[in-house]
Every structure is written in C-alpha cells, then in structure tokens.
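Owing to the predicted nature of the structure, the values given are computational and were not obtained by experimental measurement. Values reported hereafter were calculated over all heavy atoms of this structure, with side chains retained and with hydrogens, waters and symmetry mates removed.
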Amino acid sequence: MKCSIMELLEKSVIDAATGERIGNLCDVELNSENACLSALIIAVKAKNGSFFAKSEKVRIEWCNIRVIGKDAILVECCGELKKLVPEKSFLDKIWN
C-alpha cells in the first residue's frame, strides 16, 4: 500500500494490545542516510482531560508499527511510551 505523509497525518494511532487510541500522528522522523522512515511522532493529550491541556509528544520506533491501515495505525507500545523533551522556544533559547 502506498501512502503519502499527508495521508499518514490524518490517521489515528491505536495501541494494538489494548485497542485504545493513543493520539494523532503529528510528525515523522526520517533517516537521511538510507531515506527510510524511522519513527512516528504522536501528539498525546494530557490525562487530566482539560480542553486547554497541552499535548505531549511521544516517539514510536518504526519496528513497533504493526499495521498502517486505511483509517488508523496500529502500534505495539511495550508499556510506557517514550516522551520527547519539548524543544525550547526561540525566546527561551535567547534568555537561558
């Protein structure tokens, strides 16, 4: 199945073990050495359920992707998701 990055960004990410929705795909990580997709970056809503809560980003390795389907991406989480450290904003980089 061929799929563009824009089509990938429209898909929900589901934990294959539990069937629970993890979040939405927000970015991909490419390996420039061999021109392959190496990981998916997922935006995960905070657990407190607040509408204004910031979403955290987690990284899922390519080897943990089980199926890329028509509507969703099934992944194997293997327990706790690896959270990415947010990058500092431009102003934070200047002042710190």
Side-chain angles (χ1 to χ4, degrees):
M1 173 176 113
K2 290 185 180 180
C3 187
S4 70
I5 291 178
M6 291 306 294
E7 290 170 335
L8 277 177
L9 291 173
E10 296 172 0
K11 298 180 189 298
S12 294
V13 180
I14 309 292
D15 183 353
T18 64
E20 187 176 321
R21 184 176 177 276
I22 297 171
N24 290 329
L25 184 63
C26 66
D27 203 355
V28 294
E29 190 176 282
L30 299 172
N31 183 336
S32 60
E33 292 176 7
N34 59 8
C36 288
L37 203 143
S38 60
L40 300 178
I41 309 300
I42 313 298
V44 178
K45 285 277 187 187
K47 296 286 183 190
N48 64 7
S50 171
F51 179 75
F52 297 106
K54 280 188 163 184
S55 58
E56 296 177 322
K57 292 182 180 178
V58 296
R59 183 175 186 273
I60 297 179
E61 296 283 335
W62 181 254
C63 61
N64 292 333
I65 299 169
R66 295 295 161 241
V67 177
I68 297 177
K70 179 180 166 191
D71 299 320
I73 302 169
L74 292 177
V75 299
E76 191 172 299
C77 292
C78 302
E80 189 66 26
L81 294 169
K82 183 179 175 184
K83 294 180 180 158
L84 295 176
V85 177
E87 286 190 27
K88 291 184 177 183
S89 70
F90 176 73
L91 292 177
D92 288 338
K93 289 178 183 177
I94 292 174
W95 297 111
N96 293 328

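- Atom OG of S38 is separated from atom CD of E33 by 10.5 Å, given to the nearest 0.5 angstrom.
- Here the closest heavy-atom approach between residue A43 and residue C26 is recorded as N-SG, 3.9 Å.
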Worksheet item: Step by step, would you call L25 with K11 a side chain to side chain contact (heavy atoms under 4.5 Å, CB included)?
Response: CA-CA 7 Å; L25 184 63; K11 298 180 189 298; 5.8 Å; no
Give the table of side-chain donor-acceptor pairs shorter than 3.5 Å for residues 65-74, with sequence neighbours excluded, one pair per line with atom names and distance.
from, atom 1, to, atom 2, distance (Å)
R66, NE, E76, OE1, 3.0
R66, NH1, C63, O, 3.0
R66, NH2, E76, OE1, 3.3

Discussion item. Pair N24, I42 - check side chain to side chain contact (heavy atoms under 4.5 Å, CB included), show working.
Written reply: CA-CA 6 Å; N24 290 329; I42 313 298; 5.9 Å; no
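- In this structure, E7 has no salt bridge (Lys or Arg N to Asp or Glu O under 4.0 Å) partners at least two apart in sequence or on a different chain.
- For the atom pair R59 CZ and I41 CD1, the distance stands at 6.0 Å (nearest 0.5 Å).
- Legend: residues meeting side chain to side chain contact (heavy atoms under 4.5 Å, CB included) with L37, ordered by chain and number and at least two apart, are L8, V28, L30, L40, W62.
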